[in-house]
Protein chains: 2
Amino acid sequence: MSYALSGARPIGTETRARVMAAIKELGFERNAAARSLAARRSHVLALVLPTVAGGLSGTLGEFAQAASQTARDAGYHLVIWPFDREEHAEVRDLVRQGQADGVLVMEVSLHDERIDALLASQVPFTMIGRTAELDGRSWVDIDFERTLTDAVDHLADLGHTTIAFVNHSQHSLDTGYGPTVRARDAFHAAAVARGIHATDVTSDESPLAGRLTTSAILDERPETTAFVTMNETATFGVTQALRDRRLRVPDDVSVLAVVTSPEVGAMYHPPLTTMRAPGHELGRRSVEELLAALEGTAPREAPRLVTCALSPGASTGPAPRR
Amino acid sequence: MSYALSGARPIGTETRARVMAAIKELGFERNAAARSLAARRSHVLALVLPTVAGGLSGTLGEFAQAASQTARDAGYHLVIWPFDREEHAEVRDLVRQGQADGVLVMEVSLHDERIDALLASQVPFTMIGRTAELDGRSWVDIDFERTLTDAVDHLADLGHTTIAFVNHSQHSLDTGYGPTVRARDAFHAAAVARGIHATDVTSDESPLAGRLTTSAILDERPETTAFVTMNETATFGVTQALRDRRLRVPDDVSVLAVVTSPEVGAMYHPPLTTMRAPGHELGRRSVEELLAALEGTAPREAPRLVTCALSPGASTGPAPRR
DNA sequence: GCGCTTCGTCGAAGCGCTTCGATGGTTTAG
DNA sequence: CTAAACCATCGAAGCGCTTCGACGAAGCGC
């Protein structure tokens with residue numbers, strides 16, 4: 001019977017039809033536990049992410065959607081399994097106990113204990129993001145270098161010469177959160193390449209922090225005419241600070257929000273120009289990577305770095321003449 | 001051995017200690033599939049929600065967090081299982097195949113096919129929200145009646161006499177989405193009770209829709225001095241429309257966002273006064289309900305309706321003197 | 001026509017647990 | 001002092017599948 005469904009061995013066409021008919025008639029359902037036990041495979045992929053509590057951005061939704069679909073097409077279930085960052089052991093045990101066959105790990109930092117635990121136990125996993133060390137690790141990530149370069153180019157092309165970058169929190173920088181570190185470095189490299197006066201600051205993930213930070217930048221460098229932000233929550237504060245000072249967007253100051261979703265950009269007035277986080281692509285690719293590792297098939301060579309595309313809004317424009 | 005872990009039968013203290021030691025030494029892990037097969041119980045609760053794609057609000061994060069913790073304390077895993085709304089059969093089969101023991105269903109509408117499918121298959125479930133019919137169904141929900149009453153009272157106490165309510169989309173109303181229907185009715189009842197001039201409108205979930213809607217209200221009823229909103233995304237448009245008309249918040253117009261999170265309120269300037277969605281409480285209660293159904297224990301009498309508490313911001317104030 | 005491979009089917013052996021009945025040692029009540 | 005009651009442990013029977021080996025029935029070339 002098993003063969004009729006899986007096709008692992010040749011089966012007579014008529015026999016298969018009879019099996020199918022019987023299944024339908026009796027309302028038969030294959031028992032997942034028995035299946036997993038006998039086949040040593042749960043057909044479950046766990047998407048673990050620390051503390052869903054922060055709220056899942058639109059990007060995560062897109063990601064999950066695409067990942068789920070990709071998994072389903074391959075005969076797997078994708079489930080989102082909430083874990084705190086400290087629960088390395090629990091994440092690892094998911095697979096060791098056979099609850100899941102492999103793990104997608106989000107919010108990876110450059111040195112991530114969860115990854116160490118997974119490696120030590122030989123648990124199949126794929127990182128969304130990258131640790132500093134990459135040997136023997138499967139991953140996909142946003143191309144921050146490219147994204148920040150494109151962002152700076154976009155603004156430089158518009159004539160801006162002094163650009164500020166509002167990054168994630170100082171804490172994320174200190175703890176080696178990949179995106180924060182990579183974006184900062186890429187921003188500076190791009191600024192140098194274009195001869196831009198660059199300022200970069202970190203900001204906590206709150207509108208208030210973004211407002212204060214922005215205000216401080218404007219005090220210190222009043223010649224700043226463009227902001228690149230990579231901090232959805234703080235961006236709300238950035239625009240508030242500009243409004244406080246009667247600076248018009250985009251006439252006086254341009255704002256470009258990177259690694260975010262246009263939906264968030266639409267919450268502003270005028271709608272923000274953004275560089276959209278490629279949630280969909282990332283979700284699909286990450287599952288492909290993981291499945292390749294699971295099924296031992298050679299990971300078909302596909303780019304692991306995905307870029308953010310510019311999504312035009314109305315918040316960037318030519319630098320004002322002074 | 002099983003008994004040593006589960007305590008289902010008396011076990012010598014010393015024997016248990018020996019078992020534990022051996023387990024630790026050998027790095028033994030109970031196999032989930034075998035466990036499920038033998039015990040006919042997966043110890044998994046599935047939180048199904050349609051199209052995560054919309055992005056998971058902070059409230060959902062809170063909910064998941066609390067639900068996950070409650071489940072864990074009872075020896076269950078809570079997993080988030082993304083499904084489209086149309087996939088009733090798949091949701092049902094999760095339990096029939098033994099992938100999960102029970103289901104938490106979010107975003108329930110008054111007539112929900114998913115619920116019909118679950119009922120027909122005798123699958124244990126708890127609804128977050130309510131169908132029109134409630135017989136033999138386990139549920140928890142936000143107390144929209146109470147919340148809207150409190151909202152209207154809050155504004156009436158401040159002297160407002162003309163209040164507009166910005167609800168979810170017309171589509172959600174037409175398809176019988178419980179919150180939309182209940183909130184509208186409750187708003188009107190509360191307005192009548194306080195002798196308030198009430199307007200209610202629906203708005204698509206977009207800032208632009210919110211802006212246009214608000215603009216229309218102000219054209220039609222310029223004497224409106226307060227807005228109650230229950231549409232996180234559209235609320236962004238509401239404040240934009242007020243700003244367009246040089247109306248100050250809260251001096252000229254008050255805004256009260258209900259069933260939302262203070263974090264979202266903080267994205268505005270001034271920070272919005274909100275009535276916070278009780279995600280945490282809802283998550284805990286819903287798992288309790290489901291477990292009671294699963295384990296056949298009498299559902300300890302606890303309120304199924306949870307209220308939204310007022311979280312003071314700076315967007316509501318006394319009605320302006322005219 | 002005979003041995004050869006190929007195809008389709010059947011039967012049976014586990015997968016690693018939980019659970020139940022049986023066993024024997026120990027305590028308590030009559 | 002004996003019968004009943006209790007406690008702790010052992011052994012074995014599945015749970016419902018997958019997978020493998022074996023077997024008969026065809027198909028092939030010489």
Side-chain angles (χ1 to χ4, degrees), chain A residues 1-45 74-77 90 92-102 121-124 291 294-297, chain B residues 1-45 74-77 90 92-102 121-124 291 294-297:
Chain A
M1 201 276 297
S2 188
Y3 296 127
L5 291 173
S6 68
R9 270 194 187 184
I11 281 284
T13 339
E14 193 227 349
T15 314
R16 157 177 273 124
R18 274 187 19 241
V19 171
M20 291 310 197
I23 285 180
K24 190 161 263 174
E25 182 161 354
L26 302 173
F28 170 87
E29 294 282 342
R30 277 201 288 198
N31 180 292
R35 233 155 95 71
S36 304
L37 181 57
R40 283 128 214 212
R41 183 146 278 205
S42 64
H43 292 279
V44 165
L45 306 182
Y76 284 78
H77 278 295
E90 282 79 357
R92 177 197 62 200
D93 292 344
L94 271 193
V95 176
R96 298 213 299 180
Q97 296 173 354
Q99 297 261 22
D101 293 338
S121 304
Q122 311 233 41
V123 167
L291 288 176
L294 279 179
E295 321 225 295
T297 60
Chain B
M1 201 276 297
S2 189
Y3 296 127
L5 291 174
S6 68
R9 271 193 186 186
I11 282 282
T13 339
E14 194 228 351
T15 314
R16 157 176 272 124
R18 267 180 31 235
V19 171
M20 291 312 198
I23 285 180
K24 190 159 261 173
E25 183 159 355
L26 302 173
F28 170 86
E29 294 281 341
R30 278 203 284 198
N31 180 293
R35 235 154 93 72
S36 305
L37 181 57
R40 290 110 200 247
R41 185 145 276 207
S42 64
H43 292 280
V44 165
L45 306 181
Y76 284 79
H77 278 296
E90 282 79 357
R92 177 199 62 199
D93 292 344
L94 272 192
V95 175
R96 297 213 300 181
Q97 298 174 353
Q99 296 261 23
D101 293 337
S121 304
Q122 310 232 41
V123 167
L291 288 176
L294 279 179
E295 322 227 293
T297 59

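Residue numbers start from 1 in every chain, and the chains themselves are labelled A, B, ... in the order their sequence lines are given, proteins ahead of strands. In this text the structure is predicted, and so the values were computed from the model without any measurement.
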_Contact under 4.0 Å: A:Arg35 side-chain N or O vs D:dT18 OP1/OP2_ = yes
_In whole Å, I'd like the distance from the NE2 atom of B:His43 to the C1' atom of C:dT18._
10 Å
*With sequence neighbours excluded, tell me which residues meet side-chain hydrogen bond (donor to acceptor under 3.5 Å, both in side chains) with A:His43.*
none
*From A:Ser121 OG over to A:Asp93 CG, what is the distance, rounded to the nearest 0.5 angstrom?*
7.5 Å
*Set of side-chain hydrogen bond (donor to acceptor under 3.5 Å, both in side chains) partners for B:Glu29, sequence neighbours left out*: A:Arg96, A:Gln97
*Could you work out which one of D:dC17, C:dC17, C:dT18 sits closest to the side chain of B:Ala39?*
C:dT18
*What integer distance in Å separates A:Asn31:CG from C:dT18:P?*
15 Å
_Gap between atoms CZ and C1', on B:Arg41 and C:dT18 respectively (whole Å)_ = 13 Å
*Just how far is it from atom NE2 of B:His77 to atom CG of B:Asp101, taken to the nearest 0.5 Å?*
11.5 Å
_Just to be sure I understand: a Watson-Crick pair is purine N1 to pyrimidine N3 plus N6-O4 or O6-N4, both under 3.5 Å. Using that and G-U wobbles, which stems of three or more pairs involve DNA chain D?_
C:1-3 with D:28-30, C:5-30 with D:1-26
_Spacing of B:Glu29 atom CD relative to C:dC15 atom C1', expressed in whole Å_ = 17 Å
*Check: B:Arg35 and A:Gln99 side chains under 4.5 Å, non-hydrogen atoms*: no
*Is any side-chain heavy atom of A:Leu45 less than 4.5 Å from a side-chain heavy atom of A:Leu291?*
yes
*In whole angstrom, what separates B:Phe28's CZ from C:dG16's C1'?*
8 Å
_Sugar-phosphate, base or nothing in reach of A:Gln97, heavy atoms under 4.0 Å_ = nothing
*Euclidean distance, atom CG of residue B:Leu37 to atom P of C:dT19 [Å, nearest integer]*: 12 Å
*OP1 or OP2 of C:dT18 sitting under 4.0 Å from any side-chain N/O of B:Arg30?*
yes
